[in-house]
Amino acid sequence: MQLFFNANISIEDTQIQFSKEESKHIIKVLRKSINDDLFITNGKGFLFKAKITLAGINKCLANIIETKFQEKERHHIHLAVAPTKMNDRYEWFLEKATEIGIQEITPIICDHSERKTIKIERFQKIIQSAAKQSLRFHIPKLNEAISFKEFIKNHQNETCLIAHCEETKRNSLKDILTNTKNLDFKLLIGPEGDFSSKEIDLALANNYQPITLGNTRLRTETAAIVATHSIVYSLQ
């Protein structure tokens, strides 16, 4: 199935008009023609089946003939991950985490962060592309970047986790997943250089559970992927 994304399509719509760029891709690249079927999602759980009625490389129209809804997963995985120095590594994380099954992502700016700004629009496009590729009808939520302190402030009354590398008492993520019935996971992943001791203390003071992701030291983006996959796999 070739899946297209259109955030504005709703169950009330009977027709969809594709952008000039998408129209060219559909007609010239995919070689679709009148009466061929297309599949579109709005990222909110709906899958629309449509039939092409106008096949132009500058304007492609399709009538919606069927609508299906897919319920959200019972679990909710929310990773707060510090932006990496090399932007392409963070983009790789966004792509792979979307394919694996993450629900929400928040970039957090930490004491040791070398990158303080992000390109939210580009990140959104990467997530949307990965969701289409992996046939996900619920697009993961990407939040604006906020400070570490602000994230802790907003998420201090829930069961949350922080992965860090300091040689202090930490539980393994595997043990936590084995012994919990929780379906709502919030996990902090730090930047290159890890969280500062001050940040770790602040998280622990707000009831965050310190965890380790294994015996080796992982890059930020690798740690985020390992955590996402571990949680999704444990729930299957």
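In this chain, numbering begins with 1 at the start of the sequence shown.
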Derivation of the side chain to side chain contact (heavy atoms under 4.5 Å, CB included) call for Phe18 and Leu38: CA-CA 11 Å; Phe18 294 91; Leu38 298 175; 3.6 Å; yes

Test log, rule salt bridge (Lys or Arg N to Asp or Glu O under 4.0 Å), inputs Lys51 and Asp36: CA-CA 6 Å; Lys51 193 174 291 291; Asp36 283 346; over 6 Å; no

Pairwise distance NZ(Lys186) to OG1(Thr106) - rounded to 0.5 angstrom: 9.5 Å

Gly190 backbone acceptor or donor facing Asp194 side chain under 3.5 Å: no

Heavy-atom pair of closest approach, residues Leu94 and Ile126: CB-CG2, 4.3 Å

Cluster check Ile27, Ile40: I/L/V/M/F/W/Y, side chain < 4.5 angstrom: yes

Minimum-distance pair of heavy atoms, taken over all atoms of Phe4 and Glu22: CD2-OE2, 4.3 Å

Connected via hydrophobic side-chain network under 4.5 Å: Ile77 and Leu218: yes

Any Cys160 side-chain heavy atom under 4.5 Å of Leu188 side chain: no

Point-to-point distance, once rounded to the nearest 0.5 Å, from OG of Ser172 to CG of Leu213: 9.5 Å

Any donor-acceptor pair under 3.5 Å from Gln103 side chain to Gly101 backbone: yes

Interatomic distance, Leu173 atom CG to Phe185 atom CZ [nearest 0.5 angstrom]: 8.0 Å

Shared hydrophobic cluster, Phe46 / Ile9 (ILVMFWY, side-chain heavy atoms < 4.5 Å): yes

Within the 6.0 Å centroid threshold, strictly below: Phe137 and Phe69: no

Thr180 side chain to Ile176 backbone, donor-acceptor under 3.5 Å: no

Validation row: Lys24, Val29 side chains within 4.5 angstrom (heavy atoms): no

Closest approach of Phe148 to Ala203 (non-hydrogen atoms, all atoms of both residues): CZ-CB, 4.2 Å

Check ion pair Glu192-Lys85 (N to O, under 4.0 angstrom): no

Distance-minimising heavy-atom pair for Thr220 and Ala82: CG2-O, 3.6 Å

Donor-acceptor under 3.5 Å (Thr228 side chain, Ala224 main chain): yes

Distance, nearest 0.5 Å, that separates NE2 of His75 from OG of Ser234: 8.5 Å

Side-chain heavy-atom pair Glu99, Gln133 within 4.5 angstrom cut-off: yes

Side chain to side chain contact (heavy atoms under 4.5 Å, CB included) between Lys44 and Lys72, intermediate numbers included: CA-CA 9 Å; Lys44 302 169 186 174; Lys72 282 187 176 182; over 6 Å; no

Transitive ILVMFWY side-chain link Val81 to Ile109, under 4.5 Å: no

Donor-acceptor contact below 3.5 Å, side chain His164 vs main chain Arg170: no

From CA spacing to verdict: side chain to side chain contact (heavy atoms under 4.5 Å, CB included), Cys110, Glu199: CA-CA 8 Å; Cys110 305; Glu199 287 172 330; 3.3 Å; yes

Minimum side-chain heavy-atom gap Phe195-Ile108 below 4.5 Å: yes

Close side-chain approach of Asp13 and Ser10, heavy atoms under 4.5 Å: yes

side-chain hydrogen bond (donor to acceptor under 3.5 Å, both in side chains) pairs, two or more places apart, involving residues 107-128: Glu91-Arg122, Asp111-Ser196

Shortest non-hydrogen contact between Leu177 and Ser230, atoms and distance: CD1-O, 3.6 Å

Derivation of the side chain to side chain contact (heavy atoms under 4.5 Å, CB included) call for Leu47 and Leu3: CA-CA 9 Å; Leu47 174 66; Leu3 187 63; 3.7 Å; yes

Sub-4.5 Å side-chain heavy-atom contact between Asn8 and Asn42: no

Min side-chain heavy-atom separation Asn6-Thr41 under 4.5 Å: no

Gap between atom CG of Leu54 and atom CG of Leu61 - 0.5 Å precision: 4.5 Å

Aromatic plane relationship, His78 with Phe151 - under 30° parallel, 30 to 60° tilted, over 60° perpendicular: perpendicular

Non-hydrogen side-chain atoms of Ile64 and Thr67 separated by less than 4.5 Å: yes

Ring pair (Phe, Tyr, Trp, His ring centres under 6.0 Å) partners of Tyr90, counting only residues at least two apart: Phe93, Phe123

Flag, side chain of Thr98 to backbone of Ala130, donor-acceptor distance under 3.5 Å: no

Flag, side chain of Arg74 to backbone of Leu183, donor-acceptor distance under 3.5 Å: no

Minimum heavy-atom distance Ile189-Ala163, with the two atoms named: CD1-CB, 4.0 Å

Verify same cluster id: Ile146, Ile105 (apolar side-chain graph, 4.5 Å): no

Atom pair CD/NZ of Glu104 and Lys141 - distance to nearest 0.5 Å: 5.0 Å

